[in-house]
Chemist: 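Sharing a structure here in C-alpha coordinates format.
One-based numbering, in listed order, for ligands and for the atoms of each. No experiment lies behind these values; they were computed from the predicted model shown.
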Amino acid sequence: MRAGPVYDSVGTPVMKKTVQQIIPLLVSCLLAACGGDDSTAFQNGLNNSAASSLPLRQAADRANFNWGAAATVLREDALGNPAYDAALAGNFNMTTAENELKLPFLRAPDGTYNFEPADRIADFARAHGMKMHGHVLVWREDLTPWLGENPTREDGIAFMRDHISTVLGHYRDNYPDVFTQWDVVNEAYRSDGTLRASGWQQVIGDDFIELAFQFADEAWPELTLFYNDFYELNFNFFGSLLDAGGNPDPDAIRPGAGPNVALSTCETSLKCLAVQAMAEDFVARSVPMDAVGFQAHIPNAFAPDYATFAEWVGPLGLEWIITELDAPCPNDDSANESCFNTQADIFRAVVQACVDDPACATVVQWGVADGYSWWPGLSAGSFGRPLALDFDFNYKPAANAVLEVLQGR
Ligand code: XIL
(Lines give C-alpha, C1' and ligand atoms only; values in the text may rest on other atoms or scores of the structure.)
Protein backbone atom coordinates (compact mmCIF):
# COMPACT_ATOMS: atom_id res chain seq x y z
CA MET A 1 0.00 0.00 0.00
CA ARG A 2 1.22 3.52 -0.75
CA ALA A 3 1.24 6.31 1.75
CA GLY A 4 -0.07 9.71 0.67
CA PRO A 5 2.08 12.82 1.03
CA VAL A 6 3.49 13.44 4.48
CA TYR A 7 3.24 17.07 5.64
CA ASP A 8 6.06 18.79 7.53
CA SER A 9 5.62 21.31 10.31
CA VAL A 10 4.79 24.22 7.99
CA GLY A 11 2.35 22.24 5.90
CA THR A 12 4.66 21.53 2.96
CA PRO A 13 4.23 18.01 1.65
CA VAL A 14 7.31 15.86 2.01
CA MET A 15 6.80 13.71 -1.05
CA LYS A 16 8.46 10.36 -1.41
CA LYS A 17 10.46 11.77 -4.29
CA THR A 18 12.13 14.43 -2.14
CA VAL A 19 15.60 12.89 -2.28
CA GLN A 20 15.26 12.42 -6.03
CA GLN A 21 14.37 16.11 -6.29
CA ILE A 22 17.28 17.37 -4.26
CA ILE A 23 20.11 15.58 -6.06
CA PRO A 24 19.38 17.01 -9.55
CA LEU A 25 18.82 20.40 -7.96
CA LEU A 26 22.32 20.33 -6.52
CA VAL A 27 23.75 19.16 -9.83
CA SER A 28 22.02 21.92 -11.79
CA CYS A 29 23.07 24.45 -9.20
CA LEU A 30 26.70 23.39 -9.60
CA LEU A 31 26.43 23.44 -13.40
CA ALA A 32 24.94 26.92 -13.28
CA ALA A 33 27.33 28.28 -10.67
CA CYS A 34 24.28 28.52 -8.40
CA GLY A 35 22.42 31.19 -10.26
CA GLY A 36 24.46 34.24 -11.22
CA ASP A 37 22.20 36.69 -13.04
CA ASP A 38 22.62 37.04 -16.78
CA SER A 39 20.55 39.83 -18.25
CA THR A 40 21.58 39.01 -21.83
CA ALA A 41 20.36 35.48 -21.34
CA PHE A 42 17.04 36.87 -20.19
CA GLN A 43 16.52 38.41 -23.64
CA ASN A 44 17.62 35.53 -25.79
CA GLY A 45 18.28 31.88 -25.03
CA LEU A 46 20.43 31.58 -28.16
CA ASN A 47 23.32 33.45 -26.56
CA ASN A 48 23.91 30.69 -24.10
CA SER A 49 25.42 27.25 -24.03
CA ALA A 50 23.14 24.37 -23.14
CA ALA A 51 24.45 24.30 -19.59
CA SER A 52 23.69 27.98 -18.87
CA SER A 53 20.87 28.56 -16.50
CA LEU A 54 18.47 31.29 -17.63
CA PRO A 55 16.14 33.23 -15.32
CA LEU A 56 13.19 30.84 -15.62
CA ARG A 57 15.29 27.86 -14.61
CA GLN A 58 17.07 29.76 -11.87
CA ALA A 59 13.71 30.84 -10.45
CA ALA A 60 12.29 27.31 -10.65
CA ASP A 61 15.36 25.79 -9.00
CA ARG A 62 15.39 28.38 -6.24
CA ALA A 63 11.67 27.89 -5.61
CA ASN A 64 12.18 24.09 -5.51
CA PHE A 65 9.45 23.97 -8.15
CA ASN A 66 9.36 21.70 -11.20
CA TRP A 67 8.87 23.88 -14.29
CA GLY A 68 9.01 21.62 -17.33
CA ALA A 69 8.64 21.40 -21.09
CA ALA A 70 7.79 18.40 -23.27
CA ALA A 71 10.71 17.55 -25.57
CA THR A 72 10.99 15.54 -28.75
CA VAL A 73 13.66 13.90 -30.90
CA LEU A 74 11.22 13.08 -33.69
CA ARG A 75 11.97 16.34 -35.53
CA GLU A 76 15.41 17.13 -36.91
CA ASP A 77 15.28 20.67 -35.54
CA ALA A 78 14.42 19.57 -31.99
CA LEU A 79 16.70 17.82 -29.47
CA GLY A 80 20.25 18.01 -30.82
CA ASN A 81 19.68 21.47 -32.31
CA PRO A 82 21.92 23.72 -30.15
CA ALA A 83 19.34 26.51 -29.91
CA TYR A 84 16.61 24.07 -28.83
CA ASP A 85 18.92 22.35 -26.36
CA ALA A 86 19.97 25.67 -24.84
CA ALA A 87 16.37 26.78 -24.43
CA LEU A 88 15.31 23.45 -22.89
CA ALA A 89 18.17 23.03 -20.41
CA GLY A 90 18.45 26.75 -19.75
CA ASN A 91 14.82 27.42 -18.87
CA PHE A 92 13.40 24.19 -17.46
CA ASN A 93 14.34 21.76 -14.70
CA MET A 94 11.92 19.05 -15.82
CA THR A 95 11.03 17.46 -19.13
CA THR A 96 8.88 14.71 -20.59
CA ALA A 97 8.76 12.92 -23.94
CA GLU A 98 6.04 14.38 -26.17
CA ASN A 99 5.50 11.05 -28.00
CA GLU A 100 8.55 8.81 -27.57
CA LEU A 101 7.29 6.83 -24.54
CA LYS A 102 3.88 5.98 -26.01
CA LEU A 103 3.16 2.33 -26.83
CA PRO A 104 3.14 2.63 -30.64
CA PHE A 105 6.48 4.47 -30.60
CA LEU A 106 8.15 1.93 -28.30
CA ARG A 107 6.79 -1.50 -29.17
CA ALA A 108 6.68 -3.07 -32.61
CA PRO A 109 3.92 -5.57 -33.39
CA ASP A 110 6.49 -8.39 -33.07
CA GLY A 111 7.01 -7.39 -29.43
CA THR A 112 10.45 -5.82 -29.78
CA TYR A 113 11.11 -2.49 -28.07
CA ASN A 114 13.06 0.51 -29.31
CA PHE A 115 14.00 2.72 -26.36
CA GLU A 116 16.61 4.73 -28.24
CA PRO A 117 14.54 7.89 -29.02
CA ALA A 118 13.18 8.20 -25.47
CA ASP A 119 16.60 7.36 -24.01
CA ARG A 120 18.08 10.35 -25.86
CA ILE A 121 15.70 12.62 -23.98
CA ALA A 122 16.52 10.88 -20.68
CA ASP A 123 20.26 11.20 -21.39
CA PHE A 124 19.79 14.91 -22.06
CA ALA A 125 17.81 15.33 -18.85
CA ARG A 126 20.50 13.56 -16.84
CA ALA A 127 23.30 15.60 -18.45
CA HIS A 128 21.54 18.82 -17.46
CA GLY A 129 20.32 17.90 -14.01
CA MET A 130 16.67 17.79 -15.08
CA LYS A 131 13.99 15.40 -13.84
CA MET A 132 11.54 13.57 -16.12
CA HIS A 133 7.81 12.95 -16.04
CA GLY A 134 7.07 9.70 -17.90
CA HIS A 135 4.22 9.85 -20.42
CA VAL A 136 2.33 7.48 -20.93
CA LEU A 137 1.77 3.73 -20.36
CA VAL A 138 -1.94 3.22 -21.16
CA TRP A 139 -3.76 5.64 -23.49
CA ARG A 140 -6.45 5.15 -26.15
CA GLU A 141 -4.55 2.58 -28.13
CA ASP A 142 -6.27 0.15 -30.47
CA LEU A 143 -4.51 -3.06 -29.44
CA THR A 144 -5.17 -4.95 -32.68
CA PRO A 145 -1.58 -4.50 -34.01
CA TRP A 146 -0.25 -6.36 -30.96
CA LEU A 147 -3.11 -8.69 -30.02
CA GLY A 148 -4.88 -9.35 -33.33
CA GLU A 149 -8.66 -9.71 -33.61
CA ASN A 150 -10.77 -10.95 -30.68
CA PRO A 151 -8.19 -11.18 -27.89
CA THR A 152 -9.43 -12.46 -24.53
CA ARG A 153 -9.42 -10.40 -21.32
CA GLU A 154 -6.52 -12.58 -20.14
CA ASP A 155 -4.58 -11.74 -23.32
CA GLY A 156 -5.16 -8.04 -22.64
CA ILE A 157 -4.09 -8.25 -19.00
CA ALA A 158 -0.95 -10.24 -19.84
CA PHE A 159 -0.09 -7.73 -22.57
CA MET A 160 -0.59 -4.76 -20.25
CA ARG A 161 1.55 -6.30 -17.53
CA ASP A 162 4.29 -7.12 -20.01
CA HIS A 163 4.26 -3.63 -21.54
CA ILE A 164 4.30 -1.80 -18.20
CA SER A 165 6.97 -4.00 -16.65
CA THR A 166 9.16 -3.79 -19.77
CA VAL A 167 8.99 0.01 -20.01
CA LEU A 168 9.25 0.78 -16.30
CA GLY A 169 11.88 -1.94 -15.87
CA HIS A 170 14.07 -0.32 -18.52
CA TYR A 171 13.89 3.13 -16.91
CA ARG A 172 14.08 1.82 -13.34
CA ASP A 173 17.29 -0.06 -14.20
CA ASN A 174 18.90 2.63 -16.38
CA TYR A 175 17.51 6.02 -15.28
CA PRO A 176 16.41 5.76 -11.63
CA ASP A 177 17.95 9.19 -10.97
CA VAL A 178 16.01 10.86 -13.81
CA PHE A 179 12.38 9.71 -13.57
CA THR A 180 10.35 10.69 -10.53
CA GLN A 181 6.81 10.12 -11.85
CA TRP A 182 4.78 8.60 -14.70
CA ASP A 183 1.38 8.96 -16.34
CA VAL A 184 0.04 5.43 -15.98
CA VAL A 185 -3.40 5.96 -17.55
CA ASN A 186 -4.36 8.88 -19.82
CA GLU A 187 -7.80 10.11 -20.93
CA ALA A 188 -9.91 7.14 -19.85
CA TYR A 189 -13.08 9.24 -19.44
CA ARG A 190 -15.37 11.08 -21.84
CA SER A 191 -16.68 14.55 -21.06
CA ASP A 192 -19.94 13.03 -19.78
CA GLY A 193 -18.06 11.05 -17.13
CA THR A 194 -18.46 7.62 -18.76
CA LEU A 195 -15.48 5.47 -19.71
CA ARG A 196 -14.26 5.67 -23.29
CA ALA A 197 -14.39 2.56 -25.44
CA SER A 198 -10.60 2.47 -25.82
CA GLY A 199 -8.83 -0.68 -26.93
CA TRP A 200 -7.77 -1.36 -23.33
CA GLN A 201 -11.30 -0.90 -21.97
CA GLN A 202 -12.79 -3.08 -24.69
CA VAL A 203 -10.32 -5.95 -24.29
CA ILE A 204 -9.90 -5.93 -20.49
CA GLY A 205 -13.01 -4.24 -19.10
CA ASP A 206 -13.52 -1.27 -16.76
CA ASP A 207 -10.91 -2.44 -14.26
CA PHE A 208 -8.12 -1.83 -16.80
CA ILE A 209 -7.32 1.41 -14.93
CA GLU A 210 -6.68 -0.13 -11.55
CA LEU A 211 -4.82 -3.06 -13.11
CA ALA A 212 -2.49 -0.59 -14.82
CA PHE A 213 -1.73 1.11 -11.50
CA GLN A 214 -1.10 -2.24 -9.84
CA PHE A 215 1.30 -3.34 -12.58
CA ALA A 216 3.14 0.01 -12.48
CA ASP A 217 3.49 -0.16 -8.69
CA GLU A 218 4.73 -3.73 -8.98
CA ALA A 219 7.38 -2.68 -11.53
CA TRP A 220 8.64 0.49 -9.79
CA PRO A 221 7.21 1.07 -6.31
CA GLU A 222 9.04 4.38 -5.69
CA LEU A 223 7.60 6.13 -8.75
CA THR A 224 4.76 8.65 -8.29
CA LEU A 225 1.92 7.23 -10.41
CA PHE A 226 -0.52 9.55 -12.22
CA TYR A 227 -3.97 9.48 -13.74
CA ASN A 228 -3.88 12.21 -16.45
CA ASP A 229 -6.75 13.88 -18.36
CA PHE A 230 -8.07 17.13 -19.87
CA TYR A 231 -11.18 19.03 -18.79
CA GLU A 232 -11.50 22.17 -20.90
CA LEU A 233 -15.03 22.10 -22.34
CA ASN A 234 -14.13 23.94 -25.52
CA PHE A 235 -11.35 21.62 -26.47
CA ASN A 236 -13.11 20.75 -29.71
CA PHE A 237 -10.24 20.12 -32.09
CA PHE A 238 -8.81 17.71 -29.59
CA GLY A 239 -11.98 15.67 -29.34
CA SER A 240 -12.44 15.39 -33.07
CA LEU A 241 -8.83 14.37 -33.57
CA LEU A 242 -8.59 11.70 -30.93
CA ASP A 243 -12.09 10.33 -31.23
CA ALA A 244 -11.88 9.88 -34.97
CA GLY A 245 -12.10 6.12 -34.51
CA GLY A 246 -15.83 6.23 -33.78
CA ASN A 247 -15.64 6.97 -30.08
CA PRO A 248 -17.38 10.32 -29.78
CA ASP A 249 -16.92 12.71 -26.90
CA PRO A 250 -20.20 14.66 -26.74
CA ASP A 251 -18.74 17.97 -25.55
CA ALA A 252 -15.71 17.90 -27.72
CA ILE A 253 -16.63 16.50 -31.09
CA ARG A 254 -17.15 19.59 -33.25
CA PRO A 255 -15.76 23.12 -33.36
CA GLY A 256 -18.11 25.45 -31.53
CA ALA A 257 -19.69 22.77 -29.40
CA GLY A 258 -19.68 23.03 -25.64
CA PRO A 259 -20.60 26.00 -23.48
CA ASN A 260 -18.17 28.90 -23.12
CA VAL A 261 -17.81 28.68 -19.40
CA ALA A 262 -14.77 28.64 -17.20
CA LEU A 263 -14.36 25.55 -15.06
CA SER A 264 -14.36 26.71 -11.47
CA THR A 265 -14.88 23.67 -9.27
CA CYS A 266 -14.82 19.97 -10.03
CA GLU A 267 -18.64 20.04 -9.98
CA THR A 268 -18.60 22.03 -13.24
CA SER A 269 -17.26 19.01 -15.10
CA LEU A 270 -18.85 15.55 -15.23
CA LYS A 271 -15.48 14.17 -16.20
CA CYS A 272 -13.80 15.74 -13.18
CA LEU A 273 -16.49 14.31 -10.92
CA ALA A 274 -15.88 10.86 -12.41
CA VAL A 275 -12.13 11.15 -11.85
CA GLN A 276 -12.69 12.41 -8.31
CA ALA A 277 -14.98 9.44 -7.57
CA MET A 278 -12.39 7.07 -9.03
CA ALA A 279 -9.64 8.65 -6.90
CA GLU A 280 -11.73 8.38 -3.72
CA ASP A 281 -12.49 4.75 -4.50
CA PHE A 282 -8.82 3.99 -5.24
CA VAL A 283 -7.67 5.63 -2.01
CA ALA A 284 -10.31 3.69 -0.05
CA ARG A 285 -9.25 0.39 -1.63
CA SER A 286 -5.48 1.17 -1.66
CA VAL A 287 -5.19 1.02 -5.45
CA PRO A 288 -1.70 2.50 -5.90
CA MET A 289 -2.53 5.77 -7.66
CA ASP A 290 -0.56 8.66 -6.17
CA ALA A 291 -1.44 11.70 -8.19
CA VAL A 292 -3.73 13.44 -10.70
CA GLY A 293 -2.44 15.21 -13.82
CA PHE A 294 -4.45 18.08 -15.33
CA GLN A 295 -3.39 18.61 -18.94
CA ALA A 296 -4.44 22.27 -19.32
CA HIS A 297 -4.65 22.68 -23.08
CA ILE A 298 -6.55 25.95 -22.98
CA PRO A 299 -7.61 27.17 -26.43
CA ASN A 300 -9.65 30.15 -25.27
CA ALA A 301 -9.87 32.76 -22.56
CA PHE A 302 -11.94 30.50 -20.33
CA ALA A 303 -9.11 29.08 -18.28
CA PRO A 304 -10.15 26.74 -15.53
CA ASP A 305 -9.46 28.03 -12.03
CA TYR A 306 -7.21 25.21 -10.92
CA ALA A 307 -7.00 26.60 -7.39
CA THR A 308 -10.58 25.46 -6.89
CA PHE A 309 -10.85 22.86 -9.66
CA ALA A 310 -8.12 20.71 -8.08
CA GLU A 311 -8.78 21.53 -4.44
CA TRP A 312 -10.16 18.05 -3.71
CA VAL A 313 -6.89 16.29 -4.56
CA GLY A 314 -4.64 17.26 -1.62
CA PRO A 315 -7.13 16.30 1.10
CA LEU A 316 -7.28 12.79 -0.39
CA GLY A 317 -3.54 12.49 0.29
CA LEU A 318 -2.73 12.69 -3.43
CA GLU A 319 -0.59 15.09 -5.46
CA TRP A 320 -1.67 16.99 -8.56
CA ILE A 321 0.31 18.69 -11.30
CA ILE A 322 -0.27 20.51 -14.58
CA THR A 323 1.04 18.14 -17.24
CA GLU A 324 0.56 19.78 -20.66
CA LEU A 325 0.00 23.52 -20.38
CA ASP A 326 -0.53 25.50 -23.57
CA ALA A 327 -2.87 28.33 -24.54
CA PRO A 328 -2.95 28.82 -28.32
CA CYS A 329 -3.61 32.03 -30.21
CA PRO A 330 -5.14 32.41 -33.67
CA ASN A 331 -2.41 32.26 -36.31
CA ASP A 332 -2.99 35.88 -37.19
CA ASP A 333 -0.25 38.43 -36.48
CA SER A 334 -2.73 41.21 -35.76
CA ALA A 335 -4.29 39.19 -32.93
CA ASN A 336 -1.05 38.34 -31.25
CA GLU A 337 -0.41 41.20 -28.86
CA SER A 338 -3.69 40.97 -27.00
CA CYS A 339 -3.75 37.19 -27.26
CA PHE A 340 -0.25 36.97 -25.80
CA ASN A 341 -1.40 39.08 -22.85
CA THR A 342 -4.41 36.81 -22.26
CA GLN A 343 -2.08 33.84 -22.60
CA ALA A 344 0.23 35.37 -19.97
CA ASP A 345 -2.76 35.74 -17.62
CA ILE A 346 -3.59 32.06 -18.16
CA PHE A 347 -0.01 30.93 -17.50
CA ARG A 348 0.22 33.19 -14.42
CA ALA A 349 -3.03 31.87 -12.93
CA VAL A 350 -2.23 28.23 -13.63
CA VAL A 351 1.29 28.37 -12.15
CA GLN A 352 0.09 30.45 -9.18
CA ALA A 353 -2.64 27.89 -8.39
CA CYS A 354 -0.04 25.13 -8.32
CA VAL A 355 2.49 27.14 -6.32
CA ASP A 356 -0.18 27.99 -3.74
CA ASP A 357 -1.26 24.39 -3.11
CA PRO A 358 1.13 22.21 -1.08
CA ALA A 359 -0.20 19.21 -3.03
CA CYS A 360 1.17 20.63 -6.34
CA ALA A 361 4.83 21.12 -7.25
CA THR A 362 5.01 20.82 -11.04
CA VAL A 363 3.84 22.62 -14.19
CA VAL A 364 4.92 21.28 -17.59
CA GLN A 365 4.24 23.19 -20.83
CA TRP A 366 3.52 21.11 -23.93
CA GLY A 367 6.58 21.86 -26.05
CA VAL A 368 9.78 23.85 -25.65
CA ALA A 369 8.86 26.87 -27.81
CA ASP A 370 6.20 28.02 -30.26
CA GLY A 371 7.93 26.46 -33.25
CA TYR A 372 7.44 22.98 -31.80
CA SER A 373 3.81 23.04 -30.71
CA TRP A 374 1.28 20.43 -31.81
CA TRP A 375 -1.43 23.12 -32.21
CA PRO A 376 -0.90 24.08 -35.89
CA GLY A 377 -1.13 20.40 -36.84
CA LEU A 378 -4.17 19.89 -34.66
CA SER A 379 -6.09 22.89 -36.00
CA ALA A 380 -5.15 22.81 -39.72
CA GLY A 381 -2.94 25.83 -39.12
CA SER A 382 -5.61 28.02 -37.51
CA PHE A 383 -4.07 28.09 -34.02
CA GLY A 384 -0.55 28.14 -32.68
CA ARG A 385 1.99 30.11 -30.63
CA PRO A 386 0.68 28.62 -27.39
CA LEU A 387 3.84 28.52 -25.27
CA ALA A 388 5.97 30.78 -23.07
CA LEU A 389 8.89 30.96 -25.53
CA ASP A 390 8.49 32.32 -29.07
CA PHE A 391 9.79 30.94 -32.38
CA ASP A 392 13.29 32.29 -31.57
CA PHE A 393 13.22 30.93 -28.00
CA ASN A 394 12.79 34.43 -26.57
CA TYR A 395 10.58 35.08 -23.56
CA LYS A 396 6.95 36.05 -24.28
CA PRO A 397 4.67 37.76 -21.75
CA ALA A 398 3.70 34.27 -20.52
CA ALA A 399 7.35 33.52 -19.64
CA ASN A 400 7.64 36.74 -17.69
CA ALA A 401 4.38 35.93 -15.89
CA VAL A 402 5.70 32.50 -14.84
CA LEU A 403 8.96 34.11 -13.77
CA GLU A 404 7.15 36.61 -11.56
CA VAL A 405 5.14 33.87 -9.88
CA LEU A 406 8.20 31.69 -9.25
CA GLN A 407 10.26 34.62 -7.97
CA GLY A 408 7.46 35.54 -5.60
CA ARG A 409 7.28 32.07 -4.16
C1 XIL B 1 0.09 14.80 -28.72
C2 XIL B 1 1.41 15.19 -29.37
O3 XIL B 1 1.75 16.51 -28.97
C4 XIL B 1 1.31 15.09 -30.87
O5 XIL B 1 2.60 15.28 -31.46
C6 XIL B 1 0.74 13.74 -31.29
O7 XIL B 1 0.53 13.73 -32.66
C8 XIL B 1 -0.57 13.45 -30.56
O9 XIL B 1 -0.34 13.54 -29.17
N10 XIL B 1 -2.89 14.80 -24.61
C11 XIL B 1 -1.81 13.98 -24.36
C12 XIL B 1 -0.62 14.05 -25.23
O13 XIL B 1 -1.80 13.28 -23.35
O14 XIL B 1 0.04 12.82 -25.34
C15 XIL B 1 -0.97 14.57 -26.59
O16 XIL B 1 0.25 14.75 -27.34
C17 XIL B 1 -1.72 15.87 -26.46
C18 XIL B 1 -3.00 15.67 -25.72
Chemist: Identify, by atom number and element, the atoms of ligand 1 in contact range of E187, meaning under 4.0 Å from any of its heavy atoms.
Modeler: 10 (N), 11 (C), 13 (O), 18 (C)

Chemist: Measure W139 to ligand 1 on non-hydrogen atoms and call it side chain, backbone, both or neither using the 4.0 Å cut-off.
Modeler: side chain

Chemist: Among N99, N186, T72, L74, which one has a heavy atom closest to atom 8 (C) of ligand 1?
Modeler: N99

Chemist: Applying the side chain to side chain donor-acceptor pair (under 3.5 Å) criterion to D207, which one of Q214, Q201, R153 satisfies it?
Modeler: R153

Chemist: Taking atom types as modelled, is there a side-chain donor on H297 or Y231 under 3.5 Å from an acceptor on the other?
Modeler: no

Chemist: Answer yes or no for W366: is there a heavy-atom contact with ligand 1 below 4.0 Å?
Modeler: yes

Chemist: Quick one: do E187 and R196 make a salt bridge, cutoff under 4.0 Å?
Modeler: no

Chemist: Out of K102, R140, H297, Q295, who is nearest to atom 15 (C) of ligand 1 when you count heavy atoms only?
Modeler: K102

Chemist: Heavy-atom distance to atom 11 (C) of ligand 1: which of R75, E98, E324 wins?
Modeler: E324

Chemist: Kindly indicate, with the supporting measurements, whether the criterion side chain to side chain donor-acceptor pair (under 3.5 Å) is fulfilled by E100 and T72.
Modeler: CA-CA 7 Å; E100 290 80 347; T72 186; 2.7 Å; yes

Chemist: Identify the residue among N186, T323, D229 that makes a side chain to side chain donor-acceptor pair (under 3.5 Å) with Q295.
Modeler: N186

